[in-house]
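Residue numbers begin at 1 in each chain, while the letters A, B, ... track the order of the sequences. This is a predicted model, so every value here is computed, not measured.
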There are 2 protein chains.
Amino acid sequence: MPTPQGKPARASRAPRTPRDGAGPKRATVQEVAEAAGVSTATVSRVLNGNYPVAADTRRRVEQAVRTLGYVVNAQARALAGSRTRTVGIIVEDIIDPFFGFIARGVQRQAAEDGKLCLVCSTYGVAGGELDLIDSLREQRADAVIVVGGGVEDPAYRRKLADRAHALNQDGSWLVLCGRPPLAADVPAGVVDYDNTGGAHAITDYLLGQGHRRILYIGGLDQMSVHRARVAGFRRAYASRGLEVDERLIQPGPFSRRLGYERTAQLLRDGSAGQFAAVFGANDGVAVGAMQALREAGLRIPQDVSVVGYDDIPLAAEVTPALTTVHLPLEQMGREAVRLAVALRGESDGPTDTRHVGTHVVIRDSTAPAPAS
Amino acid sequence: MPTPQGKPARASRAPRTPRDGAGPKRATVQEVAEAAGVSTATVSRVLNGNYPVAADTRRRVEQAVRTLGYVVNAQARALAGSRTRTVGIIVEDIIDPFFGFIARGVQRQAAEDGKLCLVCSTYGVAGGELDLIDSLREQRADAVIVVGGGVEDPAYRRKLADRAHALNQDGSWLVLCGRPPLAADVPAGVVDYDNTGGAHAITDYLLGQGHRRILYIGGLDQMSVHRARVAGFRRAYASRGLEVDERLIQPGPFSRRLGYERTAQLLRDGSAGQFAAVFGANDGVAVGAMQALREAGLRIPQDVSVVGYDDIPLAAEVTPALTTVHLPLEQMGREAVRLAVALRGESDGPTDTRHVGTHVVIRDSTAPAPAS
DNA sequence: ATCACATCAGTAAGCGATTACCGGCCAGAA
DNA sequence: TTCTGGCCGGTAATCGCTTACTGATGTGAT
């Protein structure tokens, strides 16, 4: 009778058979080792090339690998080692060129570093980032890059900071891309550009052209990016001793539609008074505004000048080509990965911030105001 | 002396210390089990909810999980279980809306199924897909979705077929999206649309409008998508008993630039004779052509009608809005994931193909030919 | 000939889950 | 009261790889 007394059973058992339907399982280091007549340690060393192995032995192992069609199991490797060679990136929507280019940069740099990219999208769901970070933490991504936007809500920022600490304890890092730092004591990398400066520069350019009444469209009040751009807009006026007409600041979600509708509406009901130029908070908004202006019979730039922000390809393709602030989006993505890689190893350092440069690109959608 | 004779050492050793710098490691099932006073098996059961656990026990475990801030280790889970809850997708370039929308569909469906998405890009590198599939095989992605294009080279197709078999042996599946099947005996799912039919439909529409000389621009000869579209183009002529002027078929890489330059050139040197309409192999090509036509002083659609293919948002946004063939891109991405999920489990079945419908969307870039 | 070093290989202890089996307990049946 | 199940929970074997230690060998120095 199979009834051991006292301590529970401990005798040998029928071997488990986990894989049921699968055919011939794929080769393991074990099998490669046998085929090459060496130990698994040696196989691993040949595979990773991080330990001296005699040329002849190496050859035998490589031969066995080829013969068996061996492919390493990344999960097992990650479990035994301490990295997954994976980076996670969280964007709002991959279709939006702003996020798309950054994601592309992240991906390219990751590929060059031999890493794979886990791409996640929030589709604008509030707090979506939080859950996605948790998922990426489960996956033990070597780094998690969160792109764009950034809500200013303190409670939310605290939750994000908690995630940053958690990731840091796991030995990986949170990197904010296109978003200001959370706080000085939060372990997170930051790759950002100077929104205030960019908005200031392009606004100043318009003011320099003689325009005084500039309509600013777009950006949600709780977004840090928006706040910074509006701040730059105001500062440009202030530094010339001019006043901003508050009615000309029209927030809203970044979108082409917003640019179109808001412009058309203001043109129609005149509730904000006249305006000689439009500053779209991003290129999409600006293009939408251009369409509304054109439909209203206004010429660009003769009657109204228009500028955007970001410099996505669309800006150069529309007619007239859009004057805008150039952002090195792809470069930022790459930088984010590099920063994450550099940070790895350093445990629990403070926030490390890198700024990328921006500049105004003057095209055909702007012209000097007619002499009054 | 620690010098056992005969057989190599086998006595106890100083415990290894793999994690060097890292601070307090993150909690494991082991620790949760101890905290809750149960076994790891029970913890796992509570976590996965796939085995009955007494309500009280469950509560204790959940409490422990919360207290310790436990997060499951996906790698360990994947190693012990047999799935990674991950799908890989290979596109040419995420910035291209064609790929972008499909990727978005894949991602959304994957997210709904509780999976994460590994996004890889080839950037047009020949054979890039092959290496990427290998990487995804290392990662043991539950499914690998390859999007678009598709080279007709037999040797290449054979290599792809090998990968499909390998993936299938691993217990996962290769799914081709927007590309025809490889061969009947290759275990791969396919989600495709009817290129020939779509091209036929829109060409027929133009012919029905009275246009006879239609310039077809775009598509590389070795791409299956291109071949199918051209086939539809020819068939439309054939079914009306008309002849195609071969000089009007102008292949080239799908791009806005191609549409622009090729059109401008033909307009200039007249080497292909006159044409009354332009069929861009995709919307980008068509938009490029529109620009060239406009710069040549031709009116659209009064002087020349223009049509595209894919129906990316750009098609509806340009002026005049582009008549094109609508492809349910995002839907296709979703379908690809669903197919992969459905396929999983079935071992080594034959190719399973699903077709999605397409239809012509008539906008403002086309008009009847003037009565001659 | 002896010894201190390099060099290269092997042993086996984890990494952190999942899950096949086994068995304790308790209620209702006989 | 003794059995027969149904519920639950524990034990421990794996999954496939990396790597700290230990050992065996060959070499030049002494």
Side-chain angles (χ1 to χ4, degrees), chain A residues 1-20 25-33 36-48 50-58 60-61 70-84 138 140, chain B residues 1-20 25-33 36-48 50-58 60-61 70-84 138 140:
Chain A
M1 288 305 207
T3 315
Q5 71 291 42
K7 280 297 181 72
R10 136 177 326 263
S12 65
R13 289 228 180 99
R16 221 180 96 197
T17 317
R19 308 222 171 293
D20 25 46
K25 277 181 28 248
R26 76 191 207 189
T28 67
V29 271
Q30 184 68 51
E31 298 171 52
V32 172
V38 299
S39 72
T40 60
T42 301
V43 174
S44 171
R45 285 163 187 154
V46 170
L47 255 31
N48 296 292
N50 53 2
Y51 193 88
V53 172
D56 178 57
T57 309
R58 175 192 311 285
R60 289 212 318 282
V61 172
Y70 171 78
V71 176
V72 58
N73 177 320
Q75 269 70 42
R77 168 181 277 175
L79 186 57
S82 43
R83 343 189 311 238
T84 56
E138 281 188 6
R140 297 200 320 160
Chain B
M1 288 305 206
T3 316
Q5 73 289 43
K7 282 296 180 75
R10 144 179 318 268
S12 65
R13 287 223 183 106
R16 221 179 97 197
T17 316
R19 307 220 173 292
D20 25 47
K25 276 180 30 247
R26 75 191 208 188
T28 68
V29 269
Q30 185 66 53
E31 299 172 51
V32 173
V38 299
S39 73
T40 61
T42 302
V43 174
S44 172
R45 285 164 186 153
V46 170
L47 255 30
N48 295 292
N50 52 3
Y51 193 87
V53 171
D56 179 57
T57 309
R58 175 191 312 285
R60 288 211 320 281
V61 172
Y70 171 78
V71 176
V72 58
N73 178 320
Q75 269 70 41
R77 167 181 278 174
L79 186 57
S82 44
R83 345 188 312 238
T84 56
E138 282 188 4
R140 299 200 317 161

So, does B/N73 get its side chain near the phosphate of C/dC15, meaning an N or O under 4.0 Å from OP1 or OP2?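 B/N73 to C/dC15 OP1/OP2: no side-chain N or O under 4.0 Å.
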
Verify the contact: side-chain N or O of B/S44 to OP1 or OP2 of C/dT18, cut-off strictly under 4.0 Å; return yes or no.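 Yes, B/S44 has a side-chain N/O under 4.0 Å of OP1/OP2 on C/dT18.
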
Check the distance between [N]'s [atom2] and [X]'s [atom1] and give it to me in whole angstrom.
X: A/E31; N: D/dC15; atom1: CD; atom2: C1'; value: 13 Å
X: B/N48; N: C/dA17; atom1: CG; atom2: P; value: 11 Å
X: B/Q30; N: D/dG10; atom1: CD; atom2: P; value: 12 Å
X: B/E138; N: D/dT18; atom1: CD; atom2: P; value: 10 Å
X: A/L79; N: D/dT18; atom1: CG; atom2: P; value: 11 Å
X: A/N50; N: D/dT18; atom1: CG; atom2: C1'; value: 9 Å
X: B/Q75; N: C/dG16; atom1: CD; atom2: P; value: 11 Å
X: B/L47; N: C/dT19; atom1: CG; atom2: P; value: 12 Å

Contact check, side chains of A/L47 and A/Y70, non-hydrogen atoms, under 4.5 Å: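 A/L47 reaches A/Y70 side chain to side chain.
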
With heavy-atom distances below 4.5 Å as the criterion, would you say the side chains of B/R77 and B/N48 are in contact? yes

For the CD atom of A/Q75 and the OG1 atom of A/T84, what is their distance to the nearest 0.5 Å? 9.5 Å

Any chance you could measure A/Q30, atom CD, to A/S39, atom OG, to the nearest 0.5 Å? 9.5 Å

Any idea which of C/dA17, D/dA12, C/dG10 is nearest the A/A41 side chain? C/dG10

Extract from the structure each pairing of a protein N or O with an N or O of nucleotides 5-9 of chain D at less than 3.5 Å, listing the distance.
| from | atom 1 | to | atom 2 | distance (Å) |
| --- | --- | --- | --- | --- |
| D/dG9 | OP1 | B/T57 | OG1 | 2.3 |
| D/dG9 | OP2 | B/A54 | N | 2.9 |
| D/dG9 | O6 | B/Y51 | OH | 2.7 |

Would you mind classifying the nucleic acid contact of A/V72 as base, sugar-phosphate or nothing, using non-hydrogen atoms under 4.0 angstrom? sugar-phosphate

Do you know which two heavy atoms are closest between A/V61 and A/A36, and how far apart they sit?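 Minimum heavy-atom contact is CA-CB, 3.9 Å.
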
B/R58 side chain to B/V46 backbone, donor-acceptor under 3.5 Å: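 Checked: no pair found.
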
Does A/R140 reach the main-chain N or O of A/A78 with its side chain, forming a donor-acceptor pair under 3.5 Å? yes

